[in-house]
Amino acid sequence: MQYSAKAINAQKDRSDCLIVTLSNGGKLSPAAEALEKNGANLAALCKREGFHGKEGETLLLHSPTGTQAQRLLLLGIGAEKPGAAGFVRALGKALDALKNTPCKSLAFMLGEVDVEARDTRWQALQLAQALEASQYQFTRCKSKPTKNVFKPTKAVFGCAGQKQLADADAGLKEGSAIGRGANLTRELADLPANICTPSYLATEARRLGRKQPKLTVKVLEEKQMKELGMGALLSVSAGSDQPAKLIVMEYRGAAKSQAPFALVGKGITFDTGGISLKPGPGMDEMKYDMGGAASVFGCVQTLLELQPKINVVAVVAASENMPNGRATKPGDVVTSMSGQTIEVLNTDAEGRLVLCDALTYVERYKPQSVVDIATLTGACIVALGSQASGLFSNQDELAEALLSAGETSGDRAWRLPLWDEYQKQLDSNFADMANIGGKEAGSVTAACFLSRYADKYPWAHLDVAGTAWRTGAAKGATGRPVPLLMHYLLQQGS
Ligand code: BES
Ligand code: MN
Ligand code: ZN
């Protein structure tokens, strides 16, 4: 899709669809007012159709009068100065309303909308991100893919004045890159586990690195991991015919001397639970247990497109958790790369086992910060549902930066405690620690486990078990938390 920012005269616009806003009580925006003056008859139409300008209300008019555009979409934004979340919801409804139209060119009169505590750049970013999201469809495994009717090729952000042009352009560029990155995340996560194996993810990393001088890709095989002493990670792949891969992607956007930001993704391409086998119903969704890894890939793709002046090391700990004859058994003790020993009381608490060795591995980069992203605990879904990702951190400054990136992007997180008092739940009679902490506070004890491997740098953990995908009729990956992570990283580069 081609994006641009322009000052648009609504009366003369010739798009396939022109989108103008109205607020509560059917109050016309300046662009709608201009159309009205040109004979659009909007007030009467709204009255006839019962359109009040409430948040997310839409009215699609064909061959409208007052403009040269083929269609006119009236979009309700509720309050005259809507809140950020309401504005994004309304945008989503606008795109829903266009879903079955063959519109190729779109003009959004959004520069004249004043959003509470947000600027033009943010508005344009959200528009582009939502447009990219609207284009995502998982068709790889359909023998007769149904095609999207709505496939716009040109989107214009209508500015209220010349002053907005540069900001809107910057927002469109960032938002479309983030949106496409999130779509890569969704595609990888939606792929079934018989296609998306650890080896598949390694190939994906090499594909991203092709013809990209700023990206170096290394894949550590099981032999090398064994040499490094990654006994925790390897205990997870022990029961699978698919070899584990530790995928390392180094993005160089700044001088080599500048310490990188590290991302570490949980890449369990399928989680059966291992010998502590999961129950059957819903187990298919454990193909999403590489959602954290998928978000790391989405970020790398976005970085390559935007080329910010920072260094990032992106690591994916990829493995399958299966129960064959060589599988790890409850009670087995393994030694992690850090030297700490772990009693594996439950083979279904495998995410922390692959992550702990990856967290030790990234120490060699002396990173400025490390953020791991993992579909780590069912308990996080109980605590926070599907609105917020769980956030844990050993440094307040990093936690604040991530929370703020979540608020700005609308891809929110909520901080949970990492207090010392929880650590004793991991006590083991036979090793330095157990890999589970009992019934209480399951997300906290999982984070406590990780914290023992992350004491050499500022670290945060995002538990995305509730946010990485949707269950039910609309089952599918969400692309989260790519917007949060990218806002954080781009903020560090500015
Ligand atoms: N991948 C799961 C967590 C999960 C479960 C995410 C359901 C999303 C939906 C993880 O590996 C796991 O199995 N965790 C266990 C930990 C327990 C054994 C301490 C869990 O949450 O039940
Ligand atoms: Mn598990
Ligand atoms: Zn898992």
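Each ligand, and each atom within it, is numbered from 1 in the order the structure gives.
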Asker: What atoms of ligand 1 come within less than 4.0 Å of a heavy atom belonging to K278?
Answerer: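 Heavy-atom distances to K278 below 4.0 Å select 12 (C), 13 (O).
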Asker: If we ignore hydrogens and angles and just use 3.5 Å, is the side chain of N394 paired with the main-chain N or O of P458 as donor and acceptor?
Answerer: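 No, the answer is negative, given that no donor and acceptor are paired below the 3.5 Å cut-off.
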Asker: Is W469 near ligand 1, meaning one of its heavy atoms is under 4.0 Å from it?
Answerer: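 It does, in that a heavy atom of W469 comes within the 4.0 Å cut-off of ligand 1.
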Asker: Which is it for Y3 and E132 under the side chain to side chain donor-acceptor pair (under 3.5 Å) test, yes or no, and what are the steps along the way?
Answerer: CA-CA 11 Å; Y3 294 91; E132 289 299 327; 2.7 Å; yes
Asker: Using heavy atoms and a threshold below 4.0 Å, how should the contact between N321 and ligand 1 be classified: side chain, backbone, both, or neither?
Answerer: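 The answer is neither.
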Asker: At less than 4.0 angstrom from any non-hydrogen atom of T375, what atoms of ligand 1 do you find?
Answerer: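 Counting atoms of ligand 1 from 1, those under 4.0 Å from T375 are 1 (N), 2 (C), 3 (C), 6 (C).
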Asker: I'd like to know if D427 pairs up with K424 as an ion pair, taking the criterion as any Lys NZ or Arg NE/NH1/NH2 lying under 4.0 Å from an Asp or Glu carboxylate oxygen.
Answerer: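 Between K424 and D427 there is no salt bridge, as every charged N stays at least 4.0 Å from the carboxylate O atoms.
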Asker: Measure from the side-chain N and O atoms of Q425 to the backbone N and O of G437, and report whether any donor-acceptor pair falls under 3.5 Å.
Answerer: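 Checked: pair present.
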Asker: Is the backbone of G292 close enough, under 3.5 Å, to the side chain of S295 for a donor and an acceptor to pair up by distance?
Answerer: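 Yes; judged by distance alone, with no hydrogens or angles, the pair exists.
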Asker: Determine, counting only non-hydrogen atoms of the protein, whether one lies under 4.0 angstrom from atom 11 (O) of ligand 1.
Answerer: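 Yes; the ligand atom in question has protein heavy-atom contact below 4.0 Å.
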Asker: Looking at D271, pick out the N, O or S atom nearest to the Mn ion (ligand 2) and give its name.
Answerer: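 Output for this pair reads OD2.
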Asker: Using the Zn ion (ligand 3) as the apex, give the angle to atoms OE2 (E350) and OD2 (D289), rounded to 10 degrees.
Answerer: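 Approximately 100° at the metal, rounded to tens of degrees.
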Asker: Output yes when a side-chain donor or acceptor of D190 lies under 3.5 Å from a complementary backbone atom of G476, and no otherwise.
Answerer: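 Not confirmed, D190 side chain does not pair with G476 backbone.
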Asker: Check all N, O or S atoms of E350 and name the one closest to the Mn ion (ligand 2).
Answerer: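 For E350, the N/O/S atom sitting closest to the Mn ion (ligand 2) is OE1.
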Asker: Measure from the side-chain N and O atoms of N311 to the backbone N and O of A254, and report whether any donor-acceptor pair falls under 3.5 Å.
Answerer: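 Judged by distance alone, yes, a pair lies under 3.5 Å.
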Asker: Can an N or O of G378 be found at a distance shorter than 3.5 Å from an N or O of ligand 1?
Answerer: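 Between G378 and ligand 1, an N or O pair is found under 3.5 Å apart.
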Asker: N/O of R352 under 3.5 Å from N/O of ligand 1, yes or no?
Answerer: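 No, since none of the N or O atoms of R352 sits under 3.5 Å from an N or O of ligand 1.
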Asker: Please determine whether salt bridge (Lys or Arg N to Asp or Glu O under 4.0 Å) holds for the pair D289 and K266, giving the CA-CA distance in whole Å, both sets of side-chain angles, and the decisive distance to 0.1 Å.
Answerer: CA-CA 7 Å; D289 213 16; K266 170 178 173 182; 3.1 Å; yes
Asker: Please identify which atoms of ligand 1 are closer than 4.0 Å to at least one heavy atom of T377.
Answerer: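 Those atoms are 3 (C), 21 (O).
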Asker: Does F449 approach ligand 1 within less than 4.0 angstrom via side chain, backbone, both or neither, non-hydrogen atoms only?
Answerer: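 Answer for F449: neither.
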Asker: Name the closest protein heavy atom to atom 15 (C) of ligand 1, giving the residue it belongs to and the distance to 0.1 Å.
Answerer: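 Protein heavy atom with the smallest distance to atom 15 (C) of ligand 1: D348 O, 4.0 Å.
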Asker: Whether the side chain of R352 engages the backbone of N435 through a donor-acceptor N/O pair (distance < 3.5 Å, no angle test) should be reported.
Answerer: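 The answer is yes, because a donor-acceptor pair under 3.5 Å joins these two groups.
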Asker: Of the backbone atoms (N, CA, C, O) and the side-chain heavy atoms from C-beta on, which set of D289 has a member under 4.0 Å from an atom of ligand 1: side chain, backbone, both, or neither?
Answerer: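 The answer is the side chain.
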Asker: Quick test of your reading of the structure: of M283, E285, K439, M286, whose heavy atom lies closest to atom 9 (C) of ligand 1?
Answerer: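 Considering heavy atoms of M283, E285, K439, M286, the nearest to atom 9 (C) of ligand 1 sits in M286.
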Asker: Is it true that some N/O/S atom of D289, main chain or side chain, lies under 2.8 Å from the Mn ion (ligand 2)?
Answerer: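 Of the N, O and S atoms in D289, none lies under 2.8 Å from the Mn ion (ligand 2), which means no.
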Asker: For the backbone of T467 and the side chain of T478, can you confirm whether one donor and one acceptor N or O come within less than 3.5 Å of each other?
Answerer: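 Yes, because the side chain of T478 sits within donor-acceptor range (under 3.5 Å) of the backbone of T467.
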Asker: Would a distance-only check, ignoring hydrogens and angles, find a side-chain to backbone donor-acceptor pair under 3.5 Å from S240 to S237?
Answerer: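 No.
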Asker: To 10 degrees, how wide is the angle NZ (K266) to the Zn ion (ligand 3) to OD2 (D271)?
Answerer: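 Computed angle, vertex at the Zn ion (ligand 3), rounded to 10 degrees: 180°.
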